[in-house]
Amino acid sequence: MNGAPLELFLLVGAALFACGAAGVFRDAEPLRRVIAVNIMGSGVFLLLVAIAARGGGDRPDPVPHAMVLTGIVVAVCATGVALVLADLSGGEEGDDDDGERS
Amino acid sequence: MTIVQLFDALLALLLLWLAWRAVTDAVLFRAVVSFVALGLVLALTWFRLQAPDLALAEAAVGSGLTGALMLAALRRRSDRSSPTPEGPVKGAALRQLPGWVLAFVIFGALSWAVLSLPIPAQGLTEEAHASLEKSGVTNPVTAVLLNYRSYDTLLEIGVLLLAVVAVWSLRVAPRLRPGSPSGPLLEGLLRFLIPLLIITGGYLLWIGAFAPGGAFQGGALLGGACVLVLLGGLTVGPMTGRIVLLRTGLWAGLAVFIAVGLGAMTSDRWFLEYPVERAKLLILLIETAALISIGLTLGCLFYGGRPESGSSDRSSP
């Protein structure tokens, strides 16, 4: 451990998760929800990495690191699919609006 | 307070502030930019927490490609609909109250849970380092990803493929905006940058065996190269058989991974249990195929749909 205040980063990780969770419920705009879910994910990653660094000694635990690496890549895939879905649902709503106006 | 403590405090404050902005900013574009900045600060944080592998991946994927995906979605959105005024809605503050209360409860419960964990954490650090000699690589993270827990990574490559299948099933790719001519300057820059990205991706793949790096970081750079190709309009000619090439590339990672796993079974071993003396070679083989698949997958996600047959296709790196 190189003296990083791990308790601080644990708290920040929990705060990021909570902030993202609030964002998911706060706004119905799809893109905002995708951002919020990504922030929740970042919070979880921060928790995992801080816990990995807590192992004592100067070597962090590589297993949580591998899990977070996997998580980062899976998160971007989920984001890609979610954004396409958001596009499609947004398009339908737009069409509905047009129909109501005409 | 030493300079390092100051840096840590600054990182923590920046993370919180950027997350707050990304969730609450009234202008969507600024929220996206805050999110991208959050990814970069996180990359610094990974470095501070002795996770350079993650710093590389976060900067390239978590911040770079996710940001590119979001900005592209934002542009498609503004192309389609007239901007709606995002003013304060009456009673909005009151309506949001339950959400924030919930967030506060989550924060409290989660902090309590993680702070009450035993110190030092009971991890697998010793076990991971003890078997490193037999894993074929010396970077412990790569060893976990591609040897100890390669089954997880196999499934992850499967998830990547699944994401492309989902996106391709949902729609034909929207046409890239035709009115964006790539000037000679941009084209010249891209012709210089893209080979550089491909070489750097390969370098990260090779060095991942004994230093921070690996197939995911390299694949992310390859994905970045694909995005640049798409943005710069450097798509070449009508597609003739290129779609087959693209599909092969997308499949390659999973196919090679499974083939190696099954190959290990022929000599009386378990699925994915590599022989010790050939572990390095097999890991490199899997990672090379995975690198190509990951790069193409990320490019395809940015493309946002299946390539329309008969129209132009993008060049594959």
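Letters go in sequence order (proteins before strands), and every chain restarts at 1. Given the structure is predicted, the values throughout are model-derived calculations rather than measurements.
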Between B/Leu160 and A/Cys77 the two heavy atoms that sit nearest each other are CD2-SG, 2.8 Å
Among A/Leu10, A/Leu11, A/Leu47, whose side chain to side chain contact (heavy atoms under 4.5 Å, CB included) with B/Ser111 holds? A/Leu11
Hey, can you pull the donor-acceptor pairs under 3.5 Å for the side chains in residues 79-86 of chain A, sequence neighbours left out?
unit_1: A/Thr79; atom_1: OG1; unit_2: A/Asn38; atom_2: OD1; d: 3.4
unit_1: A/Thr79; atom_1: OG1; unit_2: A/Asn38; atom_2: ND2; d: 3.1
unit_1: A/Thr79; atom_1: OG1; unit_2: A/Ala75; atom_2: O; d: 2.7

Most heavy-atom pairs under 4.5 angstrom with chain A, which of B/Glu156, B/Arg149, B/Glu126, B/Gln217? B/Glu156
Scan residues 112-121 of chain B for pairs that pass salt bridge (Lys or Arg N to Asp or Glu O under 4.0 Å), counting only residues two or more places apart or in two chains. none
Considering non-hydrogen atoms only, spot the tightest contact between B/His129 and A/Pro62 and give its length. CE1-CD, 4.4 Å
Heavy-atom distance under 4.5 Å between the side chains of A/Arg26 and B/Trp100, does that happen here? yes
Work out which heavy atom in B/Ala103 is nearest to a heavy atom in A/Ala18; give both atom names and the distance. O-CB, 3.2 Å
Could you walk me through whether B/Asp53 and A/His65 satisfy the side chain to side chain contact (heavy atoms under 4.5 Å, CB included) test, starting with their C-alpha distance in whole Å, then the side-chain angles of each, then the deciding distance to 0.1 Å, before giving a yes or no? CA-CA 8 Å; B/Asp53 288 277; A/His65 286 188; 5.7 Å; no
Between atom CH2 of B/Trp20 and atom CG of A/Leu16, what is the distance when rounded to the nearest 0.5 Å? 13.0 Å
Please give me the minimum heavy-atom distance between B/Ala26 and A/Arg32, naming the atom from each residue. O-NH2, 2.9 Å
If you count heavy-atom pairs within less than 4.5 Å of chain A, which of B/Ile106, B/Leu102, B/Val159, B/Thr66 leads? B/Thr66
Which of B/Leu124, B/Thr153, B/Val105, B/Val61 touches chain A most, by non-hydrogen pairs under 4.5 Å: B/Leu124
Identify which part of A/Leu8 has an atom lying under 4.5 Å from any heavy atom of chain B, answering side chain, backbone, both or neither. side chain
If you tally heavy-atom pairs under 4.5 Å against chain B, which of A/Val24, A/Ile35, A/Val68 wins? A/Ile35
Heavy-atom distance under 4.5 Å to chain A: side chain of B/Phe216, backbone, both or neither? side chain
What one should report as the nearest heavy-atom pair of B/Val23 and A/Gly23 is CG1-CA, 3.4 Å
Can you name the closest pair of heavy atoms from B/Trp46 and A/Phe45 and give their distance? CH2-C, 3.6 Å
Engaged part of B/Leu42 at the chain A interface, taking heavy atoms whose separation is under 4.5 Å: side chain
Which residues in residues 67-74 of chain B have a heavy atom less than 4.5 Å from any heavy atom of chain A? B/Leu69, B/Met70, B/Ala73, B/Leu74
Can you tell me how far CG of B/Leu18 sits from OG of A/Ser42, rounded to the nearest 0.5 angstrom? 11.0 Å
Please report the C-alpha distance between B/Leu11 and A/Phe9 in whole Å, then the side-chain angles of each, then the deciding distance to 0.1 Å, and finally whether the side chain to side chain contact (heavy atoms under 4.5 Å, CB included) criterion is met. CA-CA 9 Å; B/Leu11 274 182; A/Phe9 284 115; 4.3 Å; yes
Would you mind checking which part of B/Thr45 comes under 4.5 Å of any heavy atom in chain A, side chain (CB onward), backbone (N, CA, C, O), both or neither? side chain
Take B/Asp152 and A/Thr70 through the test side chain to side chain contact (heavy atoms under 4.5 Å, CB included) and record every step on the way to the result. CA-CA 8 Å; B/Asp152 293 359; A/Thr70 306; 5.7 Å; no
Residues two or more places apart in sequence or in another chain: which of them pass salt bridge (charged side-chain N to carboxylate O under 4.0 Å, His left out) with A/Arg33? none
I'd like to know which of B/Val164, B/Thr142, B/Leu115 tops the heavy-atom pair count under 4.5 Å against chain A. B/Leu115
Please lay out, stage by stage, how B/Leu54 and A/Leu69 fare under the test side chain to side chain contact (heavy atoms under 4.5 Å, CB included). CA-CA 6 Å; B/Leu54 299 182; A/Leu69 195 52; 3.8 Å; yes
Cut-off 4.5 Å, heavy atoms of chain A, and the answer for B/Ala166 is side chain
